[in-house]
Amino acid sequence: MATKLLTFVIFLAGVLPAADAAIDIGKVLGEHREFSLFSSLLSSTGVARATNSREAVTVLAPNNTAVVAALRGVPRGADTRALLSDVLSLHVILEYIDADKLELLAEGRSGDGTRVTTLLQANGKAQGRYAGFVHISVGEEEYDRITFTSGAIGSPWNATFEKAIAQLPPSVSVLQI
Ligand SMILES: *[C@@H]1O[C@H](CO)[C@@H](O)[C@H](O)[C@H]1NC(C)=O
Ligand SMILES: *[C@@H]1O[C@H](CO)[C@@H](O)[C@H](O)[C@H]1NC(C)=O
């Protein structure tokens, strides 16, 4: 009887996820070298830690080339880290979206896309009503492209979907932008 119970407990330990370790974004990105700069920025700004504490995320990841290009011309100052942290938080959508679901969201119920919530909104740091949201839609110029635009009025931030990098339902999706 005791042996049976022990076997059952060992079985459960194998199938049940550990209660505290749902997401490890550094580990997921670590399997893809071309995202090493993005990954180290997430850790150094504390955004990785905030991401790991969520139940489900979709991370919009630029590759190393894109990160270098984006950082060019950004002044190195006391504000840079805070600014980076905000921008990176906008790259973390608070739900699981794989490539199939992305297409549905881009179409939207009425054909003009869908608004999703990001970590920036959850932080309570978003300025203005729409700043912490990202709008997913089909590109205006290139109809076969799915674009992400910041909900902030007048925000220049936007990105185009390249490909799905990691899809680990139900908690982690990484989409290259
Ligand atoms: C990096 O991403 C950009 C899009 O931002 C893409 O055009 C480029 O081909 C990618 N480079 C590599 C090495 O994957
Ligand atoms: C995306 O940003 C680029 C450069 O900032 C801009 O030229 C382009 O019009 C923007 N696209 C959208 C859909 O906002």
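Note that the numbering runs from 1 along the sequence shown for the chain.
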- Task: Measure the CG-OG1 distance between Asp24 and Thr51 for me, rounded to the nearest 0.5 Å.
- Result: 10.5 Å
- Message: Looking at every non-hydrogen atom in both residues, tell me the closest pair between Pro170 and Ala56 and how far apart they are.
- Response: O-CB, 3.7 Å
- Which atom pair, heavy atoms only, marks the closest approach of Phe38 to Asn64? N-OD1, 4.3 Å
- If we ignore angles and hydrogens, is there a donor and acceptor under 3.5 Å between the side chains of Ser150 and Asn158? no
- Task: Find the distance between OG (Ser89) and CD (Gln121) and round it off to the nearest 0.5 Å.
- Result: 11.5 Å
- Taking it one step at a time, do Leu102 and Phe161 satisfy side chain to side chain contact (heavy atoms under 4.5 Å, CB included)? CA-CA 9 Å; Leu102 186 65; Phe161 172 59; 3.5 Å; yes
- Item | Closest approach of His91 to Pro62 (non-hydrogen atoms, all atoms of both residues) | ND1-CD, 4.0 Å
- Task: Indicate yes or no: at least one non-hydrogen side-chain atom of Thr149 is less than 4.5 angstrom from one of Val134.
- Result: no
- Message: If I take atom CD from residue Glu162 and atom CG from residue Leu175, how far apart are they, to the nearest 0.5 angstrom?
- Response: 11.0 Å
- Message: Taking the side chain as everything from C-beta on, heavy atoms only, tell me whether Thr118 gets closer than 4.5 Å to Leu94.
- Response: no
- Item | CD1 on Ile136 to OG1 on Thr114, rounded to 0.5 Å | 6.5 Å
- Close side-chain approach of Leu41 to Leu71, heavy-atom, < 4.5 Å: yes
- Message: Could you check whether any side-chain heavy atom of Phe133 comes within less than 4.5 Å of a side-chain heavy atom of Val116, counting everything from C-beta outward?
- Response: no
- Could you pull out the closest heavy-atom pair between Ser85 and Val47, with the gap in Å? O-CG2, 3.7 Å
- Message: Per the salt bridge (charged side-chain N to carboxylate O under 4.0 Å, His left out) rule, what does the pair list look like for residues 92-112, sequence neighbours excluded?
- Response: Glu95-Lys101
- Do you know which two heavy atoms are closest between Ala22 and Ser171, and how far apart they sit? O-OG, 4.3 Å
- Can you tell me how far CG of Asp79 sits from CG of Leu84, rounded to the nearest 0.5 angstrom? 11.0 Å
- Not counting sequence neighbours, which residues clear side-chain hydrogen bond (donor to acceptor under 3.5 Å, both in side chains) with Thr117? List them please. none
- Closest non-hydrogen atom pair between Ala50 and Arg54, with its separation: O-CG, 3.5 Å
- Message: Can you tell me how far apart CD1 (Ile25) and CD1 (Ile23) are? Round to the nearest 0.5 Å.
- Response: 7.5 Å
- Side chain to side chain, Tyr96 and Val172, heavy atoms closer than 4.5 Å: no
- Are side-chain heavy atoms of Ile93 and Val57 found at a separation under 4.5 Å? no
